[in-house]
Amino acid sequence: MIQPSFLRHFGTALFLLLSVSVDDVNSFLSPISSRELPWRGLYPLVQDDLVVQSLRRMLSSSSSSSLSSLRMVASSSVDSTSRKTLSYPELERRIVKLGRSGKTDDALALYSSVDRPTVRIWNAAIDACARARPTRLEEAFDIFENAAHATTTEMDSSTATILKPNVFTFGALMNACSRAGEAKKAVDLLRSMEKDHGIAPNAVVYSSAISACARSVPPKPDVALQLLKEAVEERQLAMNVVGFNAAISACAQASDWENAISILSRMEEAARNNPSDYLVPKPDIVTYGTVFAACERGGQWKTVLKYAESMQEQGLPLDGLSIMSCLHACAELGLAHHALRYLNTMKSVNPTAPQTAKLERFGARKPLSGPDAVAYHVAISACARGGAWKEGIRLLDECREVTGTPANVVAYTAAITGCEYAGEWKQAFLLLERMRKEGIHPNEMTMGAVIGACATACAQEDRETDDTGMPKAQMKALQLLNVLKKDPTVVNPNIQIYNAAIRVCAEAKDVPGAFRVLEEIKDAGIERTEITYGSLMTACERVGCIESASKVFRMMKEDGIEPNEIIYGAAISCCRKAREPERAVLLLKKMVKEELSPNAACLNTVLIAQTDARRRSDSERVLQVFKLMKSRLIKENGRPNRQTYNILINFFAATLQPATAEAFLDKMREEGFKPDVDLFTATVSAYERKQQPLKALKLMQRMQDDGYDFYSVKVLNEAFKKAVKLVNAVGQSFATSQDQEKEISLELMDSDDSIGGVSL
């Protein structure tokens, strides 16, 4: 007959053994005298030979895959005599500790061994399921349902225990919903607390429910905001900063940066104007970091930097993740020196590992300790876009020193991109050679950036040429393309690389060369894109070749590619350079008919094309283009800007139509643009040449209203003296024709959505 002492020793030993590795099991099967320190706690349990022999037989036939299945058996083998050695508080503490250490199976095994658990032990078991990775949501609810809904018919009436949940029970369940991202289940649980159990949810329960909305896929910011409002405004619960941060996180996950900032503003206002308001907490580092994430997702880069400055003004330190958001903002905005400052700040960050009850959280994401390789990549990109290409190259070396790992292809490509923007093609090739020596394999983006650097150099009119007169930058770019074509194992040239090569030819004003590259693309069987033809049209624009531009349009039609605003813009500029103003207007009409949106730069180019000849006969066409810019056919980005009015006023002054020029001066003021003194000078000079000194004097008087002193302008001062002299000689008054001014103004206001009388 098996003695109770054997069952107690056997069950306890087996339970402890099954929580360790197979190697430890083998160690146990060796002679007891050779046991290492981890087994000394079992020494009193293995004095019984029967225990040792039974364990030998069981464990020697058990594989590592079957050990986990024996855990529950082991725990059930621990009889009541063994359990009585632990008090209920000690059982609760052990389950809590196991759960928070990530040993969920052990925590649940210990819970299962308790015949009549208390509510606190029950809550600890549910909490262990919540903290498991992945979260054991179903097990948590099973434990809750089994204990809460047990009936006396299911057990001996003398030992029947029906556990009544408390707010901490629901807090643990809600935490499980939160970690699992089950927003719907969280809200259902929240509603059932009062309805089915008569328990009012507290601030912690609401915080977890809001967090579930943030972690839901997809996120549910609307529900999170409603729960926050319900907790703070309706129930008057003192929500701590965690609940508010969870609501901001829900907004961040949905890229809802407006509501994220709205919550932060409310927290800042409460801290600033009503610090005694216990319902709205003061924002902390996590608050700002989460708002950064929301703004980052919404592309609100300036806002990220604004709040970063605000944090520092309040004495709040930036953590690693917040600094990464700032670095991304600097990269997007091209703020090189700001990026370098934030990178230096990151070097002094002192990370703290996430902990719970002084235990490091099992599976928690490690904090960012100092700049890593990604931080350096982003900083190098910021330097590239900010024109600090030398600093970007310096960071390549610093990356190795600080992170202990050499810069990779992403970092090198970012540095080469800096050379591309600056036109430093020689430095780009040096970096490419350095990559080869370090065994770093370039990719398509790398090669495209190297060739792009050559294109920028040609655009800057790099004077260095070879014996044939070809710019050396163009020669090196085409040589690199040929190398890639001959040996695709290096990098197989794709459409981005070919597009960069066309751009090189375009900036070198080599139209035939650009068309040759296009033929190579066709021969390689690579599909052309809008960018391909945009670069080709740029080649035509650079030299003002109308015939080549028409050829590009025909080739696009053959490829089934519709021209976009950029291609039309380049073609219109080509017409301007070719002195073909009528053709420029026709292209503009075609753009509008195809429902494209020409911007102000494109429309101003059309205006310049009409005004270049300085012919009075072109006035009607000029006015029609201006009316189009003011019409409903043009979007906001095509409305007249300062340059528009400069073109118009200078044209009408040059063609001796000063009254119209003055009318545009008035419209310019109405649009909020202050006219430059040169525009006044041109208009006054036109009045003088038209022998209208009184109007010139009146305009100069209006100049003073705009804060200009015409006495300091030599031309205007001379004109003023002549006008006064003439007025005194003929005795004219300062009266002018109001009817004429009104007529011109009405003409400018007329917008008939047409150009040259041809309806669009």
Side-chain angles (χ1 to χ4, degrees), residues 564-566 568-573 575-576 580-676 678-680 682-683 686 699 702 706 738-760:
N564 58 17
E565 288 89 346
I566 295 174
Y568 270 117
I572 288 171
S573 180
C575 294
R576 183 188 71 82
E580 295 276 1
E582 295 86 355
R583 195 185 291 262
V585 172
L586 289 173
L587 286 174
L588 178 61
K589 288 171 60 178
K590 193 172 182 182
M591 282 186 75
V592 176
K593 284 183 178 179
E594 293 177 5
E595 298 184 351
L596 296 175
S597 302
N599 59 19
C602 178
L603 288 158
N604 286 341
T605 302
V606 177
L607 274 178
I608 295 172
Q610 312 312 306
T611 61
D612 273 343
R614 292 290 193 265
R615 294 190 301 257
R616 190 184 182 106
S617 58
D618 295 330
S619 301
E620 182 63 26
R621 204 162 50 237
V622 170
L623 289 174
Q624 291 296 334
V625 174
F626 173 74
K627 292 175 186 177
L628 177 65
M629 295 179 74
K630 300 283 288 183
S631 75
R632 60 179 175 79
L633 298 173
I634 301 300
K635 295 184 179 178
E636 193 62 33
N637 66 340
R639 298 301 182 191
N641 57 16
R642 177 177 290 278
Q643 186 188 8
T644 308
Y645 289 108
N646 288 348
I647 296 167
L648 291 167
I649 293 168
N650 282 316
F651 169 75
F652 285 107
T655 56
L656 298 182
Q657 301 178 75
T660 307
E662 186 175 355
F664 276 114
L665 280 170
D666 292 338
K667 286 201 70 67
M668 190 175 185
R669 288 193 195 91
E670 291 173 9
E671 296 292 335
F673 302 111
K674 182 179 178 181
D676 295 331
D678 293 343
L679 299 178
F680 282 106
T683 308
L699 182 57
R702 293 173 64 186
D706 283 337
Q738 298 294 331
D739 291 339
Q740 184 182 12
E741 291 181 2
K742 185 176 180 181
E743 181 181 349
I744 294 173
S745 180
L746 288 174
E747 184 181 355
L748 296 182
M749 289 296 293
D750 181 27
S751 173
D752 60 0
D753 299 338
S754 65
I755 297 180
V758 180
S759 176
L760 295 175

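Across M591 and I572, no two heavy atoms sit closer than the pair SD-CD1, 4.0 Å. A pairwise comparison of heavy atoms in F673 and P640 identifies CE1-O, 4.1 Å as the closest pair. The minimum heavy-atom distance between F651 and R615, with the atom names listed, is CZ-O, 3.4 Å. Across all their heavy atoms, L603 and G638 have their closest contact at CD1-O, 3.3 Å. When all heavy atoms of P675 and L665 are compared, the pair lying nearest together is CB-CD2, 3.6 Å. L588 and P598 get closest at one heavy-atom pair: CD1-CG, 4.0 Å.
Between R616 and Q657 there is a side-chain heavy-atom pair separated by less than 4.5 Å. With a 4.5 Å cut-off on side-chain heavy atoms, N646 and M668 count as touching.
A salt bridge links K630 with E671: the distance from a Lys NZ or Arg NE/NH1/NH2 to an Asp or Glu carboxylate oxygen falls below 4.0 Å.
Here N564 pairs with E530, I566, I567 under the side-chain contact (heavy atoms from CB on, under 4.5 Å) rule; sequence neighbours left out. By the side chain to side chain donor-acceptor pair (under 3.5 Å) test, N650 pairs with no residue at all, sequence neighbours left out. Among residues two or more places apart in sequence or in another chain, the side-chain contact (heavy atoms from CB on, under 4.5 Å) test is passed with A601 by N599. With sequence neighbours excluded, the residues satisfying ring pair (Phe, Tyr, Trp, His ring centres under 6.0 Å) with F652 are F664. Judged as a side chain to side chain donor-acceptor pair (under 3.5 Å), and not counting sequence neighbours, E582 has no contacts.
No donor-acceptor pair under 3.5 Å is formed between the side chain of S573 and the backbone N or O of G569. Of the possible polar contacts, none joining the D676 side chain to the L679 backbone as a donor-acceptor pair under 3.5 Å is found. R576 places no side-chain N or O within donor-acceptor distance of the main-chain N or O of T605, the cut-off being under 3.5 Å. Looking at Q610, its side chain does come within 3.5 Å of a backbone N or O of P581 through a donor-acceptor pair. Remark: the backbone N or O of S631 is paired with a side-chain donor or acceptor of R639 at under 3.5 angstrom.
Applying the salt bridge (charged side-chain N to carboxylate O under 4.0 Å, His left out) test to residues at least two apart or on different chains, none of the pairs has a partner in residues 649-661.
Rounding to the nearest 0.5 Å places OG1 of T683 at 7.5 Å from CD of E662. Separating the OG1 atom in T611 from the CG atom in N604 is a distance of 10.0 Å, to the nearest 0.5 Å. Distance check: R669 CZ to Y645 OH gives 12.5 Å after rounding to the nearest 0.5 Å. To the nearest 0.5 Å, the span separating CG on L648 from OG1 on T660 amounts to 10.5 Å. Distance OG/S597 to NZ/K635: 3.5 Å, rounded to 0.5 Å. A distance of 10.0 Å separates CG of L633 from CD of E595, quoted to the nearest 0.5 Å.
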List the steps and the verdict of side chain to side chain contact (heavy atoms under 4.5 Å, CB included) for L607 and R621.
-> CA-CA 9 Å; L607 274 178; R621 204 162 50 237; over 6 Å; no
